[in-house]
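The structure under discussion appears below in the form of C-alpha cells.
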There are 2 protein chains.
Amino acid sequence: MTTLTIGKVAKAAGLGVETVRFYERQGLIAEPARSDSGYRQYGPETIRRLQFIVRAKALGFTLQEIGDLLDLRATPGAGCADVQARAEAKIADIEERITQLEAMKRALGELVVQCRGEGPLSDCPILDALDEEAP
Amino acid sequence: MTTLTIGKVAKAAGLGVETVRFYERQGLIAEPARSDSGYRQYGPETIRRLQFIVRAKALGFTLQEIGDLLDLRATPGAGCADVQARAEAKIADIEERITQLEAMKRALGELVVQCRGEGPLSDCPILDALDEEAP
DNA sequence: CTTGACCCTGTACCTTACTACATGGTTTAG
DNA sequence: CTAAACCATGTAGTAAGGTACAGGGTCAAG
C-alpha cells in the first residue's frame, strides 16, 4: 500500500505542512497512522479530503462549517437535503455580507462625488460628513 | 471648562469605556490630561473624534486607515484630493470583496439548483462537486 | 558518512478589534 | 457615612485561520 508523508499530501492539496497539522488539530482530518519513527502516514484519500476542504473554503465555508459538512457525510440517515440546507444558509450569509458592503460602497460613493478633489481639507465634504453626520 | 470622564465620552460616542482606552492605546485619540486622582479628563472635541471613528468604521475603514485619515486632517498641505483618494481606494477594496462574494454565491447557487434536495448523500451533487471538481 | 531535506512536538506569534478580568483607588447618590 | 458606581493599571483571552520558530530526530543522495 502507498503511504504518503505529510509533505506529499500537503503539496498535493496545495497546502503547507503546518496547515495540514493544523487541520488535524482542528479535527478536520483524522490522526493518521505513524511509521516506526513517528512520521505521519497518509493514504491517498487524505488528499481528496484536503482538497474537499480547500474547495469548500473557496465557496466561503468556515473550517467549522466544513467540519460539519464532513461529519454529515459520515452520518447515516443524513440526506442531500441537509447539505442543500447548509449551502442555502451559506448563500444567505454571503448575501448579507454583500448587502452590507453595497451599503458602505454606496455611502462612500455619495461622499466621493461631492468632493471635487480640490482645495484644502477644511472644505472636504468627506471629512465633513464623518465629522458631523446627523446622529 | 467642561471636563468629561471616560465614561461620559464613551457613552456619548456609543462605545464602551474599554474601547476608548483601546483607541487611546492605538493612537487614535490623544492621551488626555489627568485629574489629581489620575482620571482621564476629556474635552467635548474627543466625542467628535470618537464619532468620526465610529462613522468611518461604518464606512468600512479599518482602525489603521481611520488613524491615517485623522493624521491627514492634521497635515499641513494635505488636500481634499488625498481624502478622496483614500475613499476611492476603499471603494475599490469593497468592490473586490463584493466580487469575491458574488463568485462564491454564484458557484454555490449552481450547486444548489443541481441538488433536488432528495435522496442519500452518496448522490448529492454538492458533495460530489466538492469531492471531485476538476483541478 | 555526511549533508541537506524532511519530519516530530510544543509553543508562541500574526491580524483585527475588541472584551474581560483582577486588584485597587475615587467619587457620588442617598 | 456608606455603598454603589465609577475610574485606574496591567495582563490575558476571544474569533479565524493560520504561520513561525526552537530544538531535535530521520531519511536519501552522493
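Only a predicted model underlies this, so the values are computations on that prediction, with no experimental measurement involved. Proteins get letters first, then strands, A, B, ... in listed order; numbering begins at 1 in each. Hydrogens, waters and symmetry mates play no part in the numbers below; they use all other heavy atoms, side chains included.
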Could you pull out every donor-acceptor pair under 3.5 Å between side chains of residues 104-126 of chain A and any protein atom, sequence neighbours left out?
{"from": "K105(A)", "atom 1": "NZ", "to": "E95(B)", "atom 2": "OE2", "distance (Å)": "3.2"}
{"from": "Q114(A)", "atom 1": "NE2", "to": "E110(A)", "atom 2": "O", "distance (Å)": "3.3"}

Side chain to side chain, F22(B) and L63(B), heavy atoms closer than 4.5 Å: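 Yes - at least one pair of side-chain heavy atoms lies under 4.5 Å apart.
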May I ask you to test the Q41(B)-L4(B) pair for a side-chain heavy-atom distance under 4.5 Å? no
What is the separation between atom [atom1] on [X] and atom [atom2] on [N], rounded to the nearest whole Å?
X	N	atom1	atom2	value
I6(B)	dA5(D)	CD1	C1'	15 Å
F61(A)	dG17(D)	CZ	P	13 Å
L50(A)	dG17(D)	CG	P	16 Å
Y42(B)	dA8(D)	OH	C1'	11 Å

In residues 14-28 of chain B, which residues come under 4.0 Å of DNA chain D by heavy atom?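 Within residues 14-28 of chain B, the residues near DNA chain D are V17(B), R21(B).
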K57(A) side chain N/O closer than 4.0 Å to the phosphate oxygens (OP1, OP2) of dG18(D)?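 So the side chain of K57(A) is within the cut-off, an N or O lying under 4.0 Å from OP1 or OP2 of dG18(D).
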Show me the side-chain donor-acceptor pairs of residues 13-21 of chain B shorter than 3.5 Å, one per line, residues at least two apart or across chains.
none

Would you please name every residue forming a side-chain hydrogen bond (donor to acceptor under 3.5 Å, both in side chains) with Q51(A), sequence neighbours left out?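 Q51(A): no side-chain hydrogen bond (donor to acceptor under 3.5 Å, both in side chains) contacts found.
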Mind checking side-chain hydrogen bond (donor to acceptor under 3.5 Å, both in side chains) for T5(A) and listing every partner two or more places apart, or none if nothing turns up? none
In a table with atom names and distances, give each donor-acceptor pair under 3.5 Å that connects a side chain of residues 24-34 of chain A to protein atoms at least two apart or in another chain.
{"from": "E24(A)", "atom 1": "OE1", "to": "R40(A)", "atom 2": "NE", "distance (Å)": "2.8"}
{"from": "R34(A)", "atom 1": "NH1", "to": "G38(A)", "atom 2": "O", "distance (Å)": "2.8"}

When the side chains of residues 69-76 of chain A are checked against the rest of the protein, which donor-acceptor pairs come out under 3.5 Å, sequence neighbours left out?
{"from": "R73(A)", "atom 1": "NH1", "to": "D131(B)", "atom 2": "OD1", "distance (Å)": "2.9"}
{"from": "R73(A)", "atom 1": "NH1", "to": "D131(B)", "atom 2": "OD2", "distance (Å)": "3.1"}
{"from": "T75(A)", "atom 1": "OG1", "to": "D71(A)", "atom 2": "O", "distance (Å)": "2.8"}

Pull out every protein N or O sitting under 3.5 Å from an N or O of nucleotides 25-28 of chain D, one pair per line with the distance.
{"from": "dG25(D)", "atom 1": "N2", "to": "Y39(A)", "atom 2": "OH", "distance (Å)": "2.8"}
{"from": "dT26(D)", "atom 1": "O4'", "to": "Y39(A)", "atom 2": "OH", "distance (Å)": "3.2"}
{"from": "dC27(D)", "atom 1": "OP1", "to": "S37(A)", "atom 2": "OG", "distance (Å)": "2.9"}

Report, as yes or no, whether the 6.0 Å neighbourhood of atom CD on E102(B) holds more than 12 heavy atoms from other residues, nucleotides or ligands. yes
Does CD belonging to Q64(A) count more than 12 external heavy atoms closer than 6.0 Å? no
Which residues pass the salt bridge (Lys or Arg N to Asp or Glu O under 4.0 Å) test with D93(B), sequence neighbours left out?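 For D93(B), the residues satisfying salt bridge (Lys or Arg N to Asp or Glu O under 4.0 Å) (neighbours in sequence not counted) are K90(B), R97(B).
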Quick one: which residue pairs count as a salt bridge (charged side-chain N to carboxylate O under 4.0 Å, His left out) with a foot in residues 3-16 of chain B, not counting sequence neighbours? none
Taking any atom closer than 4.0 angstrom to a non-hydrogen atom of chain B, what span of DNA chain C does the protein reach, first nucleotide to last?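 Using the under 4.0 Å cut-off, the span is dA17(C) to dT27(C).
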Heavy atom of residues 87-99 of chain A under 4.0 Å from DNA chain C: which residues? none
Gap separating the CG atom of L127(B) from the CD atom of Q84(A), nearest 0.5 angstrom: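 Output value for this atom pair is 11.5 Å.
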